[in-house]
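Accompanying notes for the structure given below.
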Protein chains: 2
Amino acid sequence: MQDQELRAAGLKVTLPRLKVLKILEQANPRHLTAEDVYKKLLEQGEEIGPATVYRVLTQFEEAGLVDRLNFDGNRAVYELSTGEHHDHLVCLSCGTVSEFYDDLIETRQQHVAEQHGFLLKEHDHIIYGLCQNCQS
Amino acid sequence: MQDQELRAAGLKVTLPRLKVLKILEQANPRHLTAEDVYKKLLEQGEEIGPATVYRVLTQFEEAGLVDRLNFDGNRAVYELSTGEHHDHLVCLSCGTVSEFYDDLIETRQQHVAEQHGFLLKEHDHIIYGLCQNCQS
DNA sequence: ATGTATGCAAAACATTTGCACCTGG
DNA sequence: CCAGGTGCAAATGTTTTGCATACAT
């Protein structure tokens with residue numbers, strides 16, 4: 001069960017946390033807004049308020065269970081952490097999200113930071129475009 | 001005068017637009033939030049409301065006069081467009097913003113998009129870290 | 001003149017917080 | 001039992017919008 005995952009993250013095992021975790025694990029696509037999660041809870045007939053969803057997602061992020069992203073700039077998106085870093089491609093037309101990882105870009109990025117005297121901590125890299133289906 | 005720039009952008013020359021444009025041109029650092037711009041207008045004793053600032057900045061963005069960025073995810077930041085694409089380094093401690101452009105990353109990015117069947121339209125690439133001064 | 005821009009206040013939206021009650025360990 | 005978690009509603013912060021008035025051309 002996901003009890004273990006919560007405990008391992010140092011979080012008490014409560015119903016809202018279990019439900020939210022399950023939703024994130026079963027999500028397809030994997031990228032959900034807080035509202036998406038809340039709606040799915042409603043669909044399942046759960047009595048969980050939006051405030052709790054935000055609180056739980058924030059705790060999950062702090063615990064490293066999920067990653068928070070910021071597509072388009074006004075709405076946070078959450079995805080279950082894979083443990084491996086990756087960046088994103090977002091389709092401007094249908095919203096499809098793909099993931100990518102490019103060693104060369106990562107290396108080069110580190111290089112750029114050094115050139116500017118920066119100690120690199122993290123980065124956001126999102127490519128916006130049209131996915132294959134939306135180009136026709 | 002900046003009248004020309006506004007006219008060239010297809011915008012009527014009005015006092016708020018002139019004032020906002022001047023503030024952006026004189027800004028140092030070059031990256032300002034809508035609120036920053038609004039405060040500077042107040043300091044100058046101008047009678048311009050926040051709503052107008054947002055409207056003007058949005059129009060400037062549509063006209064290509066300014067670029068809108070999204071540092072940290074909850075606050076939009078505007079900078080006068082240089083005409084040349086660049087990405088950003090942001091100091092997590094003092095907020096300093098630097099700009100960078102790396103041909104290799106740009107090329108590679110295009111490559112990544114193609115591999116995923118995406119037609120690349122734009123991208124956000126922000127490196128967060130500690131600037132030289134904030135590492136000591 | 002006339003269509004567009006502005007100012008104000010109110011609305012919209014995503015997210016956070018205060019507080020009384022409930023619950024997990 | 002008791003600290004921490006939750007639900008609700010109200011607050012927050014940013015940005016947008018409706019509408020009557022003012023302005024640029």
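The chains referred to below are lettered A, B, ... by the order of the sequence lines, with proteins before strands, and numbering in each begins at 1.
One finds a side-chain N or O of A:Y54 lying less than 4.0 angstrom from the OP1 or OP2 phosphate oxygen of C:dT15. In terms of phosphate contacts, A:T52 brings a side-chain nitrogen or oxygen within less than 4.0 Å of OP1 or OP2 of D:dG7. Put simply, A:T14 has no side-chain N or O that comes within less than 4.0 Å of OP1 or OP2 on D:dG4.
To the nearest angstrom, C1' of C:dA5 lies 16 Å from CD of B:E47. The OH atom of B:Y38 sits 14 Å away from the P atom of D:dT15 (whole-angstrom rounding). In this entry the distance linking OH of A:Y78 with C1' of C:dA14 reads 10 Å, nearest Å. Residue B:L6 contributes atom CG, which lies 15 Å from atom C1' of C:dT4 at whole-angstrom precision. Taking atom NZ on B:K19 and atom P on C:dG7, their separation rounds to 12 Å, with Å as the unit. In this structure, B:N70 atom CG and D:dG13 atom P are separated by 19 Å, rounded to whole Å. With rounding to whole Å, B:E62 atom CD is found 15 Å from D:dT15 atom P. The distance between atom CG of B:D36 and atom P of D:dT15, rounded to the nearest whole Å, is 11 Å.
Comparing D:dA24, D:dT16, C:dT6 against the side chain of B:R55 picks out C:dT6 as the nearest. Relative to the side chain of B:A51, the nucleotides D:dG5, D:dT17, C:dC19 differ in distance, and D:dT17 lies closest. Considering only side-chain atoms of B:P16, the nucleotide from C:dG7, D:dG4, C:dT16 that sits closest is C:dG7.
There is a path of hydrophobic side-chain contacts, each under 4.5 Å, that joins A:L69 to A:V90. Following chains of ILVMFWY side-chain contacts shorter than 4.5 Å, one cannot reach A:Y78 starting from A:I126, and the two form parts of different hydrophobic clusters. Cluster annotation: B:V56 is connected to B:Y38 through the hydrophobic network of ILVMFWY side chains, with a link wherever side-chain heavy atoms come within less than 4.5 Å.
Comparing B:A34 and B:V13 along DNA chain D, the residue whose closest nucleotide (by nearest heavy atom) sits nearer the 5' end is B:A34. Comparing A:Q59 and B:P50, the nucleotide of DNA chain D nearest to each residue sits closer to the 5' end for A:Q59.
Residue-level contact check: B:L15 touches neither bases nor backbone, having no heavy atom under 4.0 Å from any strand. The residue A:R17 sits close only to the backbone: its heavy atoms come under 4.0 Å of sugar-phosphate atoms, none of a base.
Not a single donor-acceptor pair, N or O on each side, falls under 3.5 Å between the base of C:dG25 and the side chain of A:R7.
For an aromatic pair to be called close, the ring centres must be under 6.0 Å apart, and A:H111 with A:H116 fails this.
A ring-ring contact (aromatic ring centres under 6.0 Å, His included) with A:F100 holds for exactly one of A:H86, A:H125, A:H88; it is A:H125.
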